[in-house]
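Here is the structure we will look at, set down as structure tokens.
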Amino acid sequence: DFYGNDVLWSYDNGIELDTSVRNTRALRNRFTNTYATLPFQPIYGGPAYAIRNVLVNVADEELKLHANGTTPTVGAVIYHTTVLRDQRAIQCSTANAPEFFTIENSVFEGPATIADGHTVRWDVPSVATAHTDYNGYAPDGQFELGYGSGGMTYANFAAVQAGGMFEQHGLLLGATSGIADWHAKLDPMTPEPDATAIDRGVVLPNIDDGFTGAAPDLGAIEAGCEPPIYGPRPMGMDETNEPVGCAPPGSLSDDVPHGDDPAGGGGSKSGGCCQGAPAPGSVVMAALVMMVVRRRRDRRARRTKLDKE
């Protein structure tokens, strides 16, 4: 897992999930002024996850779904991503088609005017095996979804939906995503209360259970929930008590009681994404293991001392 980081001014990649086989995860990170931010070059079958990451001012490709030589990337899973940049909303260029990747509940915002008119350019032979839905885009424009026999360039977002393959529940975000202008202020990356991204996502079990309103919001941060901490955490805070979003129904660790919470609290921490603090029993077991290790180490040290004497 790679989580809670604040990555600034990195050339090439903000993080590398490259050559993963499965179950690698990038969670709740913020990337600012990076070049090719989230690479999956390649994933050997997957799943490899990128969840609730914020990408600001990406210079080239925000999602680098490239091959290694001629071996394609297979099995990237991208949920609740916020991309804000001054180039087109999505750019990915590679000669080998990425296969069986998923993008859902994400926000992709480019500038109001794009020189060549392309809001999205999947500049790859095909994205026929991909699943992209419940995402929001700004502005409207051409959508290139592959350039080979398995691809097509659509005149606008309405044409994408009319094609029946992609973004059947997606939407245009209007001029912008409803997130405050990132040129002026980096935090928070939360949609405004009246933003079109509010309540437009799909429920992803164990990922966004803690949503507010009728459905999850698009993007990395749910409106009305405390944003995560990026980079160094305050003294006394670690992964067991840091804010990571709103608590899912029935969570036992948040400070706000729920009607279905048993009395007395419990061992899970708040937030709707991919986490859980150790249960009390596991903490006790870990302490016992450490005690045994230390005793064995002390005995070895005493034996060594006796042998020398």
Just how far is it from atom [atom1] of [X] to atom [atom2] of [Y], taken to the nearest 0.5 Å?
{"X": "M165", "Y": "T132", "atom1": "CE", "atom2": "OG1", "value": "9.0 Å"}
{"X": "Q87", "Y": "E62", "atom1": "CD", "atom2": "CD", "value": "9.5 Å"}
{"X": "T81", "Y": "N105", "atom1": "OG1", "atom2": "CG", "value": "9.5 Å"}

Kindly work out whether a path of hydrophobic side-chain contacts (I/L/V/M/F/W/Y, heavy atoms less than 4.5 Å apart) joins [X] to [Y].
{"X": "L65", "Y": "Y49", "result": "no"}
{"X": "Y3", "Y": "V77", "result": "yes"}
{"X": "F100", "Y": "I78", "result": "no"}
{"X": "L17", "Y": "V7", "result": "yes"}
{"X": "V127", "Y": "L38", "result": "yes"}

Notebook entry, point to check: Aromatic ring centroids of Y137 and F143 under 6.0 Å?
Noted result: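 Centroid separation for Y137 and F143: below 6.0 Å.
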- When the aromatic ring centroids of Y35 and W9 are compared, is their separation below 6.0 Å? no
Within the 4.5 Å heavy-atom criterion, are [X] and [Y] side-chain neighbours or not?
{"X": "N33", "Y": "L8", "value": "no"}
{"X": "D123", "Y": "C92", "value": "no"}
{"X": "E144", "Y": "V120", "value": "no"}
{"X": "L218", "Y": "L171", "value": "yes"}
{"X": "I229", "Y": "M237", "value": "yes"}
{"X": "E239", "Y": "R233", "value": "yes"}
{"X": "T37", "Y": "L63", "value": "no"}
{"X": "V244", "Y": "E242", "value": "yes"}

Within the side chain of [X], is there an N or O that forms a donor-acceptor pair under 3.5 Å with the backbone of [Y]?
{"X": "T82", "Y": "F108", "answer": "no"}
{"X": "T73", "Y": "F40", "answer": "yes"}
{"X": "N29", "Y": "F2", "answer": "yes"}
{"X": "R85", "Y": "V58", "answer": "yes"}
{"X": "S20", "Y": "R22", "answer": "no"}
{"X": "T119", "Y": "P139", "answer": "yes"}
{"X": "N53", "Y": "F31", "answer": "no"}
{"X": "D208", "Y": "L204", "answer": "yes"}
{"X": "R52", "Y": "R28", "answer": "no"}
{"X": "D217", "Y": "D199", "answer": "yes"}

Hey, mind stepping through L145 and V160 against side chain to side chain contact (heavy atoms under 4.5 Å, CB included) and telling me if it holds?
CA-CA 9 Å; L145 299 173; V160 173; 4.2 Å; yes
Original post:
Are E222 and H80 linked by a side-chain donor-acceptor pair shorter than 3.5 Å?
Top reply: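 Not at all, the side chains of E222 and H80 share no donor-acceptor pair under 3.5 Å.
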- Query: Passes side chain to side chain donor-acceptor pair (under 3.5 Å), Q91 versus S93? Steps please.
  - Reply: CA-CA 7 Å; Q91 173 72 45; S93 300; 2.7 Å; yes
**Item:** Geometric class of the Y134/H169 ring pair [parallel <30°, tilted 30-60°, perpendicular >60°]
**Value:** parallel
Please name the pair of heavy atoms, one in [X] and one in [Y], separated by the smallest distance, quoted to 0.1 Å.
{"X": "V54", "Y": "A220", "answer": "CG2-CB, 3.6 Å"}
{"X": "P125", "Y": "T94", "answer": "CD-O, 3.5 Å"}
{"X": "I15", "Y": "P39", "answer": "O-CD, 2.5 Å"}
{"X": "T34", "Y": "G14", "answer": "CG2-CA, 4.4 Å"}
{"X": "T129", "Y": "P98", "answer": "OG1-O, 4.0 Å"}
{"X": "S126", "Y": "G150", "answer": "OG-O, 3.4 Å"}

Item to check | All pairs passing side chain to side chain donor-acceptor pair (under 3.5 Å) where residues 146-165 contributes a residue, at least two apart | outcome: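 Every candidate side chain to side chain donor-acceptor pair (under 3.5 Å) pair involving residues 146-165 fails, so no pair, neighbours aside, qualifies.
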Could you please spell out the steps behind the side chain to side chain contact (heavy atoms under 4.5 Å, CB included) verdict for V74 and I43? CA-CA 5 Å; V74 180; I43 305 301; 5.7 Å; no
* To do: Apply side chain to side chain donor-acceptor pair (under 3.5 Å) to H66 and E61, showing your working.
  => CA-CA 10 Å; H66 286 200; E61 299 180 337; 2.7 Å; yes
Taken in chain and number order and not counting sequence neighbours, the residues that satisfy side chain to side chain donor-acceptor pair (under 3.5 Å) with N96 are none
Do Q142 and R88 pass the side chain to side chain contact (heavy atoms under 4.5 Å, CB included) test, and can you show the C-alpha distance, the side-chain angles, and the key distance before you say yes or no? CA-CA 10 Å; Q142 297 180 65; R88 69 185 89 258; over 6 Å; no
Review point. Yes or no on ring-ring contact (aromatic ring centres under 6.0 Å, His included) for W122 and F166, after CA distance, side-chain angles and deciding distance?
Key: CA-CA 13 Å; W122 285 105; F166 305 102; 9.5 Å; no
Would H131 and D133 satisfy side chain to side chain contact (heavy atoms under 4.5 Å, CB included), going step by step from the backbone distance to the final call? CA-CA 7 Å; H131 174 74; D133 201 1; 3.9 Å; yes
| request: Could you go through the side chain to side chain donor-acceptor pair (under 3.5 Å) check for E104 and N135 one step at a time? | output: CA-CA 6 Å; E104 289 186 325; N135 300 301; over 6 Å; no
Between D18 and K64 (salt bridge meaning N to carboxylate O under 4.0 Å), is one present in this structure?
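No, D18 and K64 are not salt-bridged.
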